[in-house]
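Convention: sequence-line order gives letters A, B, ...; per-chain numbering from 1.
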Protein chains: 4
Amino acid sequence: MSTAKPVRKRRKEARPGELLAAALALFVEKGYAATRLDDVAARAGVSKGTLYLYYASKEALFKAVIQEGIVPVLAENEAIAASHEGSSFSLLEKLLDHWWTRIGCTAFAGIPKLIVAEAQNFPEIASYYTTNVIARGRALVGAALSRGVSSGEFRPCDVEQTIDVIIAPLLMLLIWEHSLVHCGQPALQPRAYLATHLALLQRGLCAARV
Amino acid sequence: MSTAKPVRKRRKEARPGELLAAALALFVEKGYAATRLDDVAARAGVSKGTLYLYYASKEALFKAVIQEGIVPVLAENEAIAASHEGSSFSLLEKLLDHWWTRIGCTAFAGIPKLIVAEAQNFPEIASYYTTNVIARGRALVGAALSRGVSSGEFRPCDVEQTIDVIIAPLLMLLIWEHSLVHCGQPALQPRAYLATHLALLQRGLCAARV
Amino acid sequence: MSTAKPVRKRRKEARPGELLAAALALFVEKGYAATRLDDVAARAGVSKGTLYLYYASKEALFKAVIQEGIVPVLAENEAIAASHEGSSFSLLEKLLDHWWTRIGCTAFAGIPKLIVAEAQNFPEIASYYTTNVIARGRALVGAALSRGVSSGEFRPCDVEQTIDVIIAPLLMLLIWEHSLVHCGQPALQPRAYLATHLALLQRGLCAARV
Amino acid sequence: MSTAKPVRKRRKEARPGELLAAALALFVEKGYAATRLDDVAARAGVSKGTLYLYYASKEALFKAVIQEGIVPVLAENEAIAASHEGSSFSLLEKLLDHWWTRIGCTAFAGIPKLIVAEAQNFPEIASYYTTNVIARGRALVGAALSRGVSSGEFRPCDVEQTIDVIIAPLLMLLIWEHSLVHCGQPALQPRAYLATHLALLQRGLCAARV
DNA sequence: TATGAATGAGTATTCATTCAT
DNA sequence: AATGAATGAATACTCATTCAT
């Protein structure tokens with residue numbers, strides 16, 4: 001090409017998304033503190049100054065990454081739960097499957113580790129996340145559990161504690177894959193891991209069939 | 001004063017431990033990047049220069065914190081497993097209880113979050129940890145599982161995956177308590193959470209009694 | 001609308017003046033370094049790019065503010081002096097009064113402080129100012145003094161030094177009101193201050209009446 | 001010398017003074033905003049980091065320069081006034097002379113211009129200055145004036161306004177010499193200027209001798 | 001051993017200036 | 001003429017590390 005400088009593209013609409021994607025990738029790869037804004041800008045193909053045109057600070061960028069990345073998926077799962085008609089256990093399976101497809105396999109899978117790693121430094125983000133993601137996720141699982149217990153499909157149990165015990169291995173899976181995996185630790189096999197989790201749950205939750 | 005000398009003596013030998021304790025506390029409280037060596041030194045009551053007499057760099061200090069803090073407990077649990085005589089499930093209960101007492105309730109409980117948060121930046125630490133802690137912990141649980149399956153106490157299952165599904169909620173508990181808890185998220189109730197986990201496991205693992 | 005066009009027309013011609021007014025206000029309020037061109041443009045109701053259509057740089061804008069703001073008044077005072085017919089002291093009073101009305105009470109009153117504050121950084125401005133404002137002002141006062149001395153109205157004196165001693169309190173008044181006044185310092189009372197200055201001068205300058 | 005690096009001198013006691021002197025010189029020469037901390041450090045012969053060992057920020061450094069530089073002189077002039085025994089006008093002369101010797105001829109002479117230039121940006125400094133310098137200076141002059149009026153040496157006058165009219169030319173002299181002088185403006189002749197000021201004052205203030 | 005003064009590389013942030021539209 | 005997105009040089013400030021004492 002004869003144009004040495006394809007610089008100064010006018011991309012106002014596309015920019016925020018590009019910046020967020022670049023930032024997500026780097027935050028997930030290096031952690032918050034170790035990510036330099038120069039690198040984020042470079043990866044998004046803009047100058048550092050441009051980045052500040054869209055996000056007022058590194059912190060603001062981080063918050064935007066979290067907020068844009070995660071919340072939308074919750075609504076989808078809530079819709080799934082609302083329209084479900086089969087057994088309660090099959091609802092749990094469906095929710096899990098959707099979560100895996102929309103988060104677990106994607107770049108967003110790195111966010112829980114980010115949250116956990118930076119929660120002390122960014123309390124507002126952490127509480128934003130707990131309010132808008134964790135709490136809504138717990139509510140979904142809790143409703144499925146209560147529904148199953150009411151119908152006799154599940155044994156009576158301490159619902160609140162059970163929610164956490166169900167969710168913990170899922171979060172741990174993502175966290176694991178974005179931390180120790182990179183250091184020679186053999187990767188988990190997510191599908192088999194999730195299957196085992198579900199199988200244990202089924203046995204653990206469901207009332208004995210006579 | 002006659003006590004001046006002994007005090008200084010005791011100090012000299014206690015230094016590494018004091019430094020490690022100070023560093024652990026601060027790393028756990030603020031994370032690696034946000035912990036300043038000035039603060040570590042101040043908390044240990046020495047000058048920054050002295051710190052470098054014992055640890056060659058911030059990274060070396062971090063590694064020492066992790067290594068000194070974690071490994072010793074594993075050996076204890078291995079001894080417990082070796083001398084156990086009851087059911088396989090009661091062995092799992094015993095191991096869990098010891099782990100909780102020696103790690104879960106202590107300052108060391110902050111380490112898994114640290115590892116997870118810094119694994120990418122410190123691959124050597126992460127692999128040290130996986131080799132010396134995770135792998136040995138998984139082996140312990142795996143042995144108990146196999147023992148139970150062999151004896152007919154547990155249903156046949158995919159042992160490797162089950163190990164992770166058993167351990168994940170435990171790690172998640174510690175990670176949780178050192179991250180989101182600080183931001184208005186209601187604290188988990190560790191005892192009830194662990195009890196629920198065990199109850200689910202018992203139902204999920206054990207063969208039906210005729 | 002039928003008025004759309006005329007408005008735009010008027011704008012086009014008014015632009016430089018609007019920009020200069022906005023710039024004067026902000027330079028006076030915040031000082032040169034702390035004034036951002038974004039703010040100047042915003043206050044004038046145009047984009048930053050437009051500003052550069054009229055002034056080639058921040059420095060050029062600053063120079064224009066000073067030059068446009070100050071020089072015109074001098075000519076008026078020179079005309080006053082040329083047509084004066086009463087006593088020399090009453091000429092000094094007249095000049096002072098006009099200066100106060102046209103500069104001292106207006107937004108231009110902030111300029112001397114600006115000049116003083118930025119003289120080192122903008123030597124050209126400073127010399128422009130000394131040549132076109134200070135020198136002409138001193139000449140006016142000097143002429144009045146010489147006239148009074150010649151006529152015997154004033155005592156003989158070192159005219160050059162006396163000029164400065166007469167002017168200094170006037171400049172100081174403006175500088176004062178644009179600096180320390182903003183910080184809890186009780187405002188001067190310009191009228192009384194000027195009156196006192198004149199009274200002292202009258203006694204100090206005028207030959208004793210027998 | 002064979003030592004290529006005479007670095008890392010241990011100068012804890014001398015440092016603050018050296019840094020303050022360097023900062024005073026540069027602030028006076030270039031103004032606050034245009035002074036770079038690198039340059040201050042370089043002029044003091046230390047690294048930038050060292051500067052931050054003594055002053056927490058550029059602003060703190062600026063404040064220290066002002067506070068250390070100016071206040072001490074006031075006390076001296078207060079002592080002179082307290083022990084004075086001659087005429088009130090000779091007291092004014094003495095105060096003026098001391099002020100000129102301790103401030104007017106020294107590097108500190110640049111401070112009033114600094115204050116005036118930065119008052120809007122640093123209101124705390126400006127009010128510190130007005131309280132600790134201006135107010136005390138005015139009190140000194142005011143006391144001398146009142147004393148002279150009471151004794152009949154001076155004509156009755158508006159003391160408060162007269163104070164300002166006396167002080168203004170002095171401040172203006174310093175401000176002038178640190179601003180316009182650098183740009184081709186012929187320097188004032190301070191001695192002659194001060195003499196003229198005093199002569200005018202004497203005629204203006206003193207009661208006619210019969 | 002222990003100190004703490006000194007260093008300087010590293011980075012977030014600002015803002016005057018440019019230029020494609 | 002007017003816009004406003006994009007640029008990048010400039011700079012205050014931090015903190016791990018060194019070293020003379």
Side-chain angles (χ1 to χ4, degrees), chain A residues 5-15 33-41 45-61, chain B residues 8-9 11-12 15 33-42 45-61, chain C residues 8-9 11-13 15 33-42 45-61, chain D residues 5-15 33-41 44-61:
Chain A
K5 284 186 180 179
V7 238
R8 294 202 186 211
K9 320 167 200 165
R10 218 51 75 71
R11 302 288 300 277
K12 184 157 200 204
E13 274 99 57
R15 278 287 138 75
T35 294
R36 287 180 309 142
L37 291 192
D38 287 284
D39 291 341
V40 173
V46 300
S47 72
K48 208 173 5 169
T50 301
L51 202 162
Y52 277 86
L53 242 37
Y54 294 88
Y55 301 98
S57 67
K58 189 180 186 180
E59 187 171 338
L61 177 63
Chain B
R8 200 176 297 168
K9 264 273 142 100
R11 282 266 137 146
K12 202 180 291 187
R15 277 285 143 75
T35 294
R36 287 179 306 143
L37 293 193
D38 288 279
D39 292 340
V40 173
V46 301
S47 71
K48 213 181 350 177
T50 302
L51 203 162
Y52 276 85
L53 250 29
Y54 293 89
Y55 301 98
S57 67
K58 189 182 188 181
E59 190 171 335
L61 176 64
Chain C
R8 202 175 297 168
K9 265 271 142 99
R11 282 265 137 146
K12 202 181 292 189
E13 279 144 26
R15 277 284 143 76
T35 294
R36 286 179 307 143
L37 292 193
D38 288 277
D39 292 340
V40 173
V46 301
S47 71
K48 213 178 355 173
T50 301
L51 203 162
Y52 276 84
L53 249 30
Y54 293 89
Y55 301 98
S57 67
K58 188 181 189 182
E59 189 171 335
L61 176 64
Chain D
K5 286 186 179 178
V7 237
R8 297 203 183 211
K9 318 167 199 166
R10 217 50 73 72
R11 302 287 301 276
K12 184 158 198 203
E13 273 99 57
R15 278 286 138 76
T35 295
R36 287 179 310 143
L37 292 193
D38 286 284
D39 291 341
V40 173
V46 300
S47 71
K48 207 180 357 173
T50 300
L51 202 162
Y52 278 87
L53 242 37
Y54 294 89
Y55 301 98
S57 66
K58 189 180 186 180
E59 187 171 337
L61 178 63

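Although no hydrogens or angles enter the test, the distance criterion places no donor-acceptor pair under 3.5 Å between the side chain of B/Lys48 and the main chain of B/Asp39. With hydrogens and angles ignored, the 3.5 Å screen pairs a side-chain donor or acceptor of C/Lys58 with a backbone N or O of C/Thr35.
Proximity note for C/Lys48 (side chain, C-beta onward) versus E/dA12, F/dA12, E/dT17: the nearest is E/dT17.
Toward the 5' end of DNA chain E, the nearer of the two residues B/Val46 and A/Thr35, judged by each one's closest nucleotide, is B/Val46. Positionally, the nearest nucleotide of DNA chain F for D/Glu59 lies more toward the 5' end than for the other of B/Asp38 and D/Glu59.
In this structure, C/Arg36 places its CZ atom 20 Å from P of F/dA10, rounding to the nearest Å. Atom CG of B/Leu61 is separated from atom C1' of F/dT17 by 14 Å (rounded to the nearest Å). With rounding to whole Å, C/Leu37 atom CG is found 17 Å from F/dA5 atom P.
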Review point. Using Watson-Crick and G-U wobble pairs whose two distances are both under 3.5 Å, how do you write the pairing of DNA chain F as dot-bracket, with | for links to another strand?
Key: .||||||||||||||||||||
For a quick test of your reading: what N or O donor-acceptor pairs under 3.5 Å do the side chains of residues 49-57 of chain D make, sequence neighbours left out?
unit_1	atom_1	unit_2	atom_2	d
D/Thr50	OG1	D/Ser47	OG	3.2
D/Ser57	OG	D/Glu59	N	3.4
D/Ser57	OG	D/Ala60	N	3.1

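Taking a 4.0 Å limit (strictly below) on heavy-atom distances, residues 49-58 of chain A reaches DNA chain F at A/Gly49, A/Thr50, A/Leu53, A/Tyr54.
Residue B/Ser47 places at least one side-chain N or O closer than 4.0 Å to OP1 or OP2 of E/dT3.
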